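Heads up, the thing below is written out as structure tokens.
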Amino acid sequence: MEKTSSLVHFCFISCLVFFIFAASWYHPSNSSSPDNSLQTTWRTFKNRIFSTSVLETRVQKSIDHAAETPHHPLDPLTAQEINSVRSILSSYEPFASTFPIIHSLTLDEPDKLEVLRWRKGGRFPPRKASVLAMLNGESHVLTVDLDSSRVTSHAVNPRSGYPMLSVEDILAASKVPFSNAEFNKSIAARGISLSELICLTPFAGWFGPNEEGKRIIKVLCFSSEGTPNFYMRPIEGLVMTVDLDTLEVLKFSDTGRGIPIPNSTNTDYRYNAHEKEPEMEPINPISMEQPEGPSFKVEDGHMVKWANWVFHLKADQRAGLVISRAMVRDSENGELRNVMYKGFSSELFVPYMDLEESWYFKSFMDAGEFGLGMSALPLVPLNDCPRYSYYMDGVFAASNGKPYVQPNMICLFERYAGDISWRHSESQLLDSQIRETRPKVTLVARMAATVGNYDYIFDWEFQTDGLIRIKVGLSGLLMVKGSPYHSLYQVPNQDAMSGPFISENVIGVVHDHFITFHLDMDIDGVNNSFVDVKLVKEHSLPGESPRKSYLKTKRKIAKTEKDAQIKLKLYDPSEFHMINPSRRSRLGNPTGYKIVPGGTAASLLDHDDPPQLRSAFSNNQVTPLSFLCLDSKFLHTLLSHFVEQIWVTLYNKSEQWAGGLLAYQSRGDDTLAVWSERDRPIENKDVVLWYTLGFHHIPCQEDFPVMPVVTSGFELKPVNFFERNPILRAAPAFEKDLPVCRPGASA
């Protein structure tokens with residue numbers, strides 16, 4: 001009985017943690033009609049936005065996803081369309097006897113030129129679906145034409161690797177240890193109750209030809225005794241390698257018998273679990289109120305209009321959040337101008353720095369292996385997103401091909417945090433004082449993904465001056481290593497440690513995070529050029545000036561893809577512009593945007609290291625700027641490493657995923673690095689800009705038991721795009737326009 005109850009326990013937790021597939025989100029039906037099977041459940045999902053009081057959590061109108069129809073060529077597949085694809089595949093001859101396991105079923109977006117030509121009310125380009133499926137151990141990549149109700153392309157094992165994991169993969173592999181005699185013997189020897197055991201399935205990576213020809217996964221286990229934070233209680237050194245298709249145990253490793261399971265004390269991070277308040281003065285409740293409601297509109301479910309911005313917003317199983325057709329209105333003539341055709345997080349690579357048998361394989365590619373959208377839980381109103389936020393669901397396909405809803409996955413809100421858009425004051429040289437300043441209000445589209453232990457917060461922030469700011473926040477729980485030592489004082493060889501102690505018997509293993517963004521910039525049109533604007537030091541001639549040196553700019557237009565593999569160096573500075581050479585300002589400058597890097601990090605792994613081969617897109621980074629709990633001397637040492645950071649490739653609809661279409665156990669033969677080596681011409685062409693944001697993480701005690709959010713990002717900033725400051729005539733804030741909020745004031 002104990003064994004049976006533990007199976008239920010760990011299966012539920014595994015499913016929740018890795019794929020966030022709560023049973024209430026997917027309502028199976030005995031009805032033979034797929035169109036009706038989920039209608040009742042879906043209609044219960046409500047988003048929050050509108051009510052009658054600024055003090056209430058407003059309730060957004062319920063969305064009947066079962067009755068939705070597409071309004072834009074880039075709208076995601078609807079529930080009806082997903083059911084149609086399932087029906088087409090069910091009658092497709094290769095799947096007639098056995099329906100495949102669906103790993104991904106998404107819109108196969110129309111050709112770009114078709115989308116650009118389309119106008120609201122016009123005829124849609126053909127609606128198609130892109131399907132990644134597994135059957136009999138083989139990967140199937142299919143295109144389904146919904147208009148003709150037929151499969152138009154079908155490739156089997158087109159390249160190395162497999163589709164991202166399914167729920168069935170995770171659950172089946174998690175059950176395997178409990179029927180293994182060696183495993184049960186090891187658990188009994190450790191004195192662990194099976195009812196408190198939680199087994200999870202981190203990805204196995206790819207480490208050479210011995211692992212080819214079969215889908216494999218590693219299974220690790222933890223103790224949940226006394227805490228929901230089981231990640232802090234690893235059963236160190238116990239690892240099973242499982243064949244995902246046969247569920248055979250390929251390898252059993254038990255190297256940590258002498259390592260105790262860390263104590264559960266102080267590991268619970270839930271608010272209700274803490275009786276004592278923190279030793280600080282309390283902060284009064286704070287909220288930005290909008291008595292007239294938000295300024296943005298969401299039309300037809302996905303088109304966002306705010307201030308001078310218009311863009312298409314949707315959820316995606318793999319990327320999480322996708323921004324398309326981003327356009328900004330010119331403040332001088334009212335023209336709606338193209339900025340970006342499509343932007344999203346393409347891959348997220350997380351390698352851990354430990355060589356032991358139970359750790360070397362931990363090098364995750366979270367988007368391609370697990371799916372950022374698949375891992376998104378509903379956002380928490382007032383905490384994840386402020387009052388007056390608009391919430392958007394994701395409609396995805398389950399592994400049986402039926403649609404389900406990922407509710408409240410994206411939120412949209414206006415942000416005001418006391419920042420300033422522009423200002424200037426004069427008082428000394430004029431007869432009268434001048435004090436001109438404008439508040440900064442921005443629009444944020446946010447999505448949060450919980451991929452196992454880590455939480456990632458993705459923000460796309462739009463400013464009225466034309467700037468787009470992309471930020472990634474990291475939080476959640478560390479993946480920790482159990483230690484036989486209680487603290488650093490007992491360790492005989494500290495140099496051999498793979499990270500510092502963050503609690504008793506708990507080591508936080510050093511690791512990296514690299515997030516690569518796909519940015520299809522279409523500045524005032526499809527054909528653009530990439531320009532390296534170098535700042536070059538020049539020396540004055542003898543007697544020319546009291547100055548000895550000065551800086552000049554030198555522009556170099558990238559002719560081919562290799563020209564755009566940029567190496568950033570602290571003492572060799574540049575700006576990087578994406579311009580439209582065919583459109584110029586009144587002064588003759590080409591219109592453009594520049595990428596403004598934030599703090600990021602460089603991958604220091606060898607380029608022929610198996611994890612780095614698969615994630616070669618992270619070869620290109622900027623100055624390594626980490627979130628470290630270390631002294632400035634060590635940080636300076638890290639800052640001495642510089643490698644490439646930016647890529648620019650010729651637009652190709654099939655080249656969207658930096659780690660390859662089939663990332664699971666891939667060998668690195670279908671990555672951004674491979675595409676760029678083709679060295680195609682890119683001057684005045686339809687090109688894609690790729691930027692990798694990186695973090696080095698050397699854990700510290702403040703990361704225990706849950707990490708405070710650390711954030712980094714980059715900006716896409718107009719450069720000669722507008723004729724002058726586009727918000728010059730923006731109105732200042734006046735007291736009369738604001739609600740009166742004060743202690744004791746009645747509603």
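Nothing here was measured: the structure is a model prediction, and the numbers come from that model.
Of the candidates Trp657, Trp675, Phe344, Phe344 is the only one forming a ring pair (Phe, Tyr, Trp, His ring centres under 6.0 Å) with His518. Just one of Asp520, Asn528, Ile646 meets the side chain to side chain contact (heavy atoms under 4.5 Å, CB included) condition when paired with Leu689; it is Ile646.
The line from NZ of Lys305 to CD of Glu299 is 3.5 Å long, rounded to the nearest 0.5 Å. Distance CE/Met374 to CD/Gln406: 7.5 Å, rounded to 0.5 Å. Atoms CD1 and CG, on Ile515 and Leu693 in that order, are 5.0 Å from each other to the nearest 0.5 Å. Taking CZ of Phe458 as the reference point, atom CG of Leu321 lies at 9.0 Å (rounded to 0.5 Å). A distance of 10.0 Å separates NZ of Lys594 from CG of Leu467, quoted to the nearest 0.5 Å. Once rounded to the nearest 0.5 Å, the distance linking CZ of Arg446 with CE of Met392 reads 15.0 Å.
Take Ser324 and apply the side-chain hydrogen bond (donor to acceptor under 3.5 Å, both in side chains) test, not counting sequence neighbours, and it matches no residue. By the salt bridge (charged side-chain N to carboxylate O under 4.0 Å, His left out) test, Asp522 is found to be paired with Lys112, residues two or more places apart in sequence or in another chain being considered. Applying the side-chain hydrogen bond (donor to acceptor under 3.5 Å, both in side chains) criterion to Glu414, with sequence neighbours excluded, gives Gln290, Ser295, Trp306.
No side-chain donor-acceptor contact under 3.5 Å links His72 and Asp300. Side-chain atoms of Ser574 and Asp532 include a donor-acceptor pair closer than 3.5 Å. Side-chain contact check for Ser375 and Thr450: no donor-acceptor pair (N or O, by modelled atom type) lies under 3.5 Å. For the residue pair Trp690/Thr516, the side-chain donor-acceptor check at 3.5 Å is not satisfied. For the residue pair His511 and His697, a side-chain donor N or O sits within less than 3.5 Å of a side-chain acceptor on the partner. The closest side-chain donor-acceptor pair between Asn684 and Ser529, if any, does not fall under 3.5 angstrom. Residues His103 and Tyr664 have side chains that never bring a donor and an acceptor to within less than 3.5 angstrom of each other.
Heavy-atom minimum distance, Val322 versus Ala319: CG2-CB, 4.1 Å. The heavy-atom pair separating Met447 from Gly320 by the smallest distance is CE-CA, 3.7 Å. Scanning both residues, Leu74 and Pro110, for their nearest heavy atoms gives CD2-CD, 4.4 Å. Here the shortest heavy-atom pairing between Ser676 and Gln565 reads OG-NE2, 2.6 Å. Contact detail for Gly525 and Asn580: the closest heavy-atom pair is N-ND2, 3.9 Å. Smallest separation of non-hydrogen atoms from Ala663 and Glu347: CB-OE1, 4.3 Å.
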Leu336 and Arg329: CA distance, side-chain angles, deciding distance, side chain to side chain contact (heavy atoms under 4.5 Å, CB included) verdict: CA-CA 4 Å; Leu336 200 56; Arg329 194 171 300 282; 3.8 Å; yes
Side chain to side chain contact (heavy atoms under 4.5 Å, CB included) for Val472 and Phe517? Distances and angles first, verdict last. CA-CA 11 Å; Val472 180; Phe517 286 86; 3.7 Å; yes
Go through Met578 and Val687 one step at a time and tell me if the side chain to side chain contact (heavy atoms under 4.5 Å, CB included) criterion holds. CA-CA 9 Å; Met578 190 68 77; Val687 294; 3.8 Å; yes
After noting the C-alpha distance and the side-chain angles of Arg325 and Met327, does the key distance pass the side chain to side chain contact (heavy atoms under 4.5 Å, CB included) rule? CA-CA 6 Å; Arg325 300 292 283 119; Met327 297 173 283; 4.0 Å; yes
Check the pair Lys653 / Glu109 against salt bridge (Lys or Arg N to Asp or Glu O under 4.0 Å), numbers first and verdict last. CA-CA 9 Å; Lys653 181 183 169 184; Glu109 294 184 354; over 6 Å; no
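The residues Glu335 and Arg583 are annotated as salt-bridged, a charged nitrogen and a carboxylate oxygen being separated by less than 4.0 angstrom. We find that Arg438 and Asp465 are not joined by a salt bridge, their nearest charged nitrogen and carboxylate oxygen being 4.0 Å or further apart.
At distances below 3.5 Å, at least one donor-acceptor pair connects side-chain atoms of Asp670 with backbone N or O atoms of Leu661. Not a single donor-acceptor pair under 3.5 Å links the side chain of Asp512 to the backbone N or O of Pro351. Gln317 places no side-chain N or O within donor-acceptor distance of the main-chain N or O of Phe396, the cut-off being under 3.5 Å. A distance-only check finds no donor-acceptor pair linking the side chain of Ser104 to the backbone of Val131 [under 3.5 Å]. For the pair Ser585 (side chain) and Glu723 (backbone), a donor-acceptor distance under 3.5 Å is absent. Formation of a donor-acceptor pair under 3.5 Å by the His302 side chain with backbone atoms of Leu313 is found in this model. Although no hydrogens or angles enter the test, the distance criterion places no donor-acceptor pair under 3.5 Å between the side chain of Arg724 and the main chain of Glu332. Under a 3.5 Å cut-off, the side chain of Ser389 and the backbone N or O of Pro386 do form a donor-acceptor pair. Judged by distance alone, with hydrogens and angles left aside, the side-chain atoms of Gln463 form no donor-acceptor pair with the main-chain N or O of Thr442 at under 3.5 Å. With hydrogens and angles ignored, the 3.5 Å screen pairs no side-chain donor or acceptor of Arg729 with any backbone N or O of Pro726.
A centroid separation of 6.0 Å or more is found between the aromatic rings of Trp647 and Phe530. The aromatic ring centroids of Tyr454 and Phe364 lie 6.0 Å or more from each other. For Tyr593 and Phe721, the ring centers sit closer than 6.0 Å to each other.
Residues Ser345 and Leu372 are in side-chain contact: their nearest non-hydrogen atoms beyond the backbone lie under 4.5 Å apart. Looking at Leu477 and Tyr269, their side chains come closer than 4.5 Å, going by heavy atoms from C-beta outward. The shortest distance between side-chain heavy atoms of Cys385 and Val380 does not fall below 4.5 Å. The shortest distance between side-chain heavy atoms of Thr106 and Arg318 does not fall below 4.5 Å. Using a 4.5 Å cut-off on side-chain heavy atoms (C-beta onward), Val350 and Tyr456 make contact. Residues Val395 and Leu77 form no side-chain contact, since every pair of their non-hydrogen atoms from C-beta on lies 4.5 Å or further apart. Counting heavy atoms from C-beta on, the side chains of Pro70 and Glu81 come closer than 4.5 Å. With contacts defined as side-chain heavy-atom distances shorter than 4.5 Å, the pair Phe124/Trp118 qualifies.
For NZ of Lys314, the number of neighbouring non-hydrogen atoms (other residues, nucleotides, ligands) closer than 6.0 Å is greater than 12. The number of heavy atoms from other shown groups lying within 6.0 Å of NZ (Lys440) is above 12.
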